[in-house]
Amino acid sequence: MPATLLDGKALAASIRAEARNALAAISVRPGLAVVLVGDDPASRVYVRNKVRACEETGIYSELHALPADTGEHDVRERVQALNRDPRIHGILVQLPLPAAFDAARVLAAVSPRKDVDGLHAENLGALVAGRAKLIPCTPAGILRLLDHAAIPIAGRHAVVIGRSTIVGKPAALLLLQRDATVTICHSKTQDLGAQARRADILVVAAGRPKLVGADMVKPGACVIDVGTHRLPDGSLVGDVDFAAAREVAGWITPVPGGVGPMTVAMLILNTIAAAGAPR
Ligand code: GUN
């Protein structure tokens with residue numbers, strides 16, 4: 001029997017509808033500023049989706065699209081101006097930044113209280129300590145998807161493929177906080193298949209199209225696919241070979257319509273939280 005689909009699109013829509021109703025009942029209008037440097041086409045699409053989702057929810061939003069040749073110093077100054085702007089409660093610096101940038105230095109310029117991506121060192125430290133208020137959006141969305149489907153986490157073996165600061169590491173920390181036994185795999189891991197096959201919950205955030213096939217999935221496992229790749233034929237695929245893996249898994253996220261919409265929904269919740277409004 002094919003796996004049950006974890007429908008991130010539907011869950012995200014219901015979270016956004018709840019947020020819209022909550023905002024309609026209060027006087028504060030949360031504000032989000034998105035800073036985009038350069039013209040990466042994928043980033044442009046992500047940013048447009050985020051700004052549109054905010055508008056639909058009743059969140060004020062500003063897009064600060066800066067040319068690719070903007071200096072790092074100027075970007076940090078823009079961020080600092082947004083830190084002081086009372087209309088803005090959340091600031092998101094879209095990644096990746098141009099290669100010449102020191103991304104950590106730019107992220108450090110964001111006020112921790114406005115850091116709706118949860119990527120400032122202070123918020124990442126709070127996450128390690130288990131008292132984070134602003135959690136990176138994609139990992140937060142993954143946990144919401146698991147909880148919504150009532151997938152057990154405590155005592156289960158979670159394997160996270162990918163060790164990025166934005167997805168892999170925080171996802172592993174959140175699963176650990178929920179008492180999973182967690183393995184983190186990466187490009188130097190030996191026998192990735194053997195590691196992956198031990199997973200009750202397999203989170204794939206490797207950035208490689210169709211890296212995970214059916215042979216890497218334990219029968220009945222929950223497979224969370226964080227990847228999004230546009231193939232030359234125009235189709236969108238994830239880091240998991242969906243058609244093959246769904247025949248083995250117990251639950252699986254589709255691409256598109258799985259983790260992606262949850263990231264946007266969590267951004268909205270983080271922006272509302274940063275504004276101090278009730279969730
Ligand atoms: N690039 C791809 N996904 C994200 C995200 O969730 N936040 C930021 N800041 N950049 C991204």
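Indexing begins at 1, ligand by ligand and atom by atom, following the structure's order. Count residues from 1 along the sequence.
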So, are [X] and [Y] salt-bridged, with charged N and O less than 4.0 Å apart?
X    : Y    : value
R44  : D39  : no
D85  : R87  : yes
D225 : K210 : no

Test salt bridge (Lys or Arg N to Asp or Glu O under 4.0 Å) on E72 and R76; report intermediate values, then the result. CA-CA 6 Å; E72 187 188 312; R76 290 208 308 271; 2.6 Å; yes
Output all residues satisfying salt bridge (Lys or Arg N to Asp or Glu O under 4.0 Å) with R246, sequence neighbours left out; order by chain, then residue number. none
If you group Ile, Leu, Val, Met, Phe, Trp and Tyr by side-chain heavy-atom gaps below 4.5 Å, do L119 and V37 land in one group? yes
Contact residues of ligand 1 with a heavy-atom cut-off of under 4.0 Å?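 Its neighbours under 4.0 Å (heavy atoms only) are K50, L92, V93, Q94, L95, D117, I166, T263, given by chain and number.
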